[in-house]
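Down below is the structure, laid out as structure tokens.
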Amino acid sequence: MIILGLDPSLACTGWGVIRAEGARISHVGNGQIKTDPGAPMTERLAALQNGLATVIAEYRPARAAAEEIFVNKNPQTTLKLAQARGAVLSACGAAGVPVNEHAARLVKKAVTGTGGAEKVQVAAMVKVLLPGIAISGNDAADALAVAIADAHLTPGT
């Protein structure tokens, strides 16, 4: 089964694709969709949606997974995150790709063994679980972690 992991944000949305066969996982692809910070919000959201639609068309995932939304101290940051997440989920919906959502602590625990792991620990464990891969950046590492967690938390569905 091909699983697409997502780490949505307005500036840079990470994506990671893995193949899950029972308890075995392997890397298929990963990358980042960056938007122009000077562009109008509508163009940035369209860029995210179109970029992810291209990824979905190329890899044809059976399902996708994303972290549940969290509230930042800055309400504007939370709003922008929610808008970016909406564009990403819309791309999945338009392609008929179901999306599982997992709490960030649960993703960290599934990948590292502890729900309080730092980003560096998560990225290091992703490299251990998917040896030899080149990760396209921190957002792609987070997306791969979401995909790996989804494979463990929702096997075979």
Side-chain angles (χ1 to χ4, degrees), residues 1-35 44-71 78 80-117 119 121-157:
M1 171 177 296
I2 302 294
I3 302 170
L4 169 64
L6 301 166
D7 181 35
S9 81
L10 186 59
C12 181
T13 290
W15 58 270
V17 180
I18 65 168
R19 179 182 312 278
E21 297 168 339
R24 296 179 53 132
I25 58 169
S26 59
H27 177 257
V28 177
N30 72 87
Q32 300 179 122
I33 304 166
K34 296 183 180 184
T35 66
R44 294 179 80 183
L45 295 173
L48 288 178
Q49 188 171 10
N50 294 335
L52 190 56
T54 300
V55 171
I56 291 169
E58 180 176 349
Y59 293 102
R60 302 271 184 221
R63 71 178 185 242
E67 285 184 358
E68 292 176 348
I69 198 156
F70 59 92
V71 178
T78 301
K80 288 178 182 177
L81 173 62
Q83 289 171 320
R85 199 166 182 279
V88 167
L89 295 178
S90 178
C92 291
V97 176
V99 180
N100 292 328
E101 298 181 68
H102 306 289
R105 291 186 63 77
L106 192 58
V107 169
K108 291 175 183 179
K109 186 172 183 175
V111 175
T112 68
T114 178
K119 281 186 171 280
Q121 292 172 286
V122 173
M125 198 61 194
V126 166
K127 289 180 180 177
V128 168
L129 294 169
L130 301 170
I133 69 165
I135 300 176
S136 296
N138 291 335
D139 297 304
D142 289 346
L144 285 165
V146 172
I148 292 166
D150 188 67
H152 294 299
L153 296 168
T154 323
T157 58

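- Between R63 and T154, the shortest heavy-atom distance links the atoms NH2-O, 2.7 Å.
- Identified under the ring pair (Phe, Tyr, Trp, His ring centres under 6.0 Å) test for residues 95-116, with sequence neighbours left out: none.
- L4 CG to N30 CG: the interatomic distance, rounded to the nearest 0.5 Å, is 11.0 Å.
- Judged as a side-chain hydrogen bond (donor to acceptor under 3.5 Å, both in side chains), and not counting sequence neighbours, S26 has no contacts.
- Atom CD of residue E67 and atom CG of residue N100 lie 13.5 Å apart, to the nearest 0.5 angstrom.
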Pairs under 3.5 angstrom only: tabulate donor-acceptor contacts from the side chains of residues 138-149 to other protein residues two or more places apart or in another chain.
| unit_1 | atom_1 | unit_2 | atom_2 | d |
| --- | --- | --- | --- | --- |
| D142 | OD2 | K119 | NZ | 2.3 |

Pair up each side-chain donor or acceptor in residues 5-17 with any protein partner under 3.5 Å, not counting sequence neighbours, and list the distances.
| unit_1 | atom_1 | unit_2 | atom_2 | d |
| --- | --- | --- | --- | --- |
| S9 | OG | C12 | N | 3.2 |
| S9 | OG | C12 | O | 2.6 |
| T13 | OG1 | S9 | N | 3.1 |
| T13 | OG1 | S9 | O | 2.8 |

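- E21 has its side chain out of reach of M1: every pair of non-hydrogen atoms, C-beta onward, lies at least 4.5 Å apart.
- With sequence neighbours left out, the salt bridge (charged side-chain N to carboxylate O under 4.0 Å, His left out) criterion links R44 to no other residue.
- Sequence neighbours left out, not one pair with a member in residues 121-130 passes side-chain hydrogen bond (donor to acceptor under 3.5 Å, both in side chains).
- The CG atom of D150 sits 7.5 Å away from atom CD1 of I18, with the distance rounded to the nearest 0.5 Å.
- Sorted by first and then second residue, the salt bridge (charged side-chain N to carboxylate O under 4.0 Å, His left out) pairs involving residues 96-115 (not counting sequence neighbours) are R85-E101.
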Return a table of donor-acceptor pairs under 3.5 angstrom between the side chains of residues 51-61 and protein atoms on other chains or two or more places apart.
| unit_1 | atom_1 | unit_2 | atom_2 | d |
| --- | --- | --- | --- | --- |
| T54 | OG1 | N50 | O | 3.1 |

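- Atom CD1 in I135 sits 10.5 Å away from atom CD in Q32 (nearest 0.5 Å).
- With sequence neighbours left out, T114 forms a side-chain contact (heavy atoms from CB on, under 4.5 Å) with T112, A117.
- With sequence neighbours excluded, no residue forms a side-chain hydrogen bond (donor to acceptor under 3.5 Å, both in side chains) with Q83.
- The heavy-atom pair separating V99 from C92 by the smallest distance is CG2-CB, 3.6 Å.
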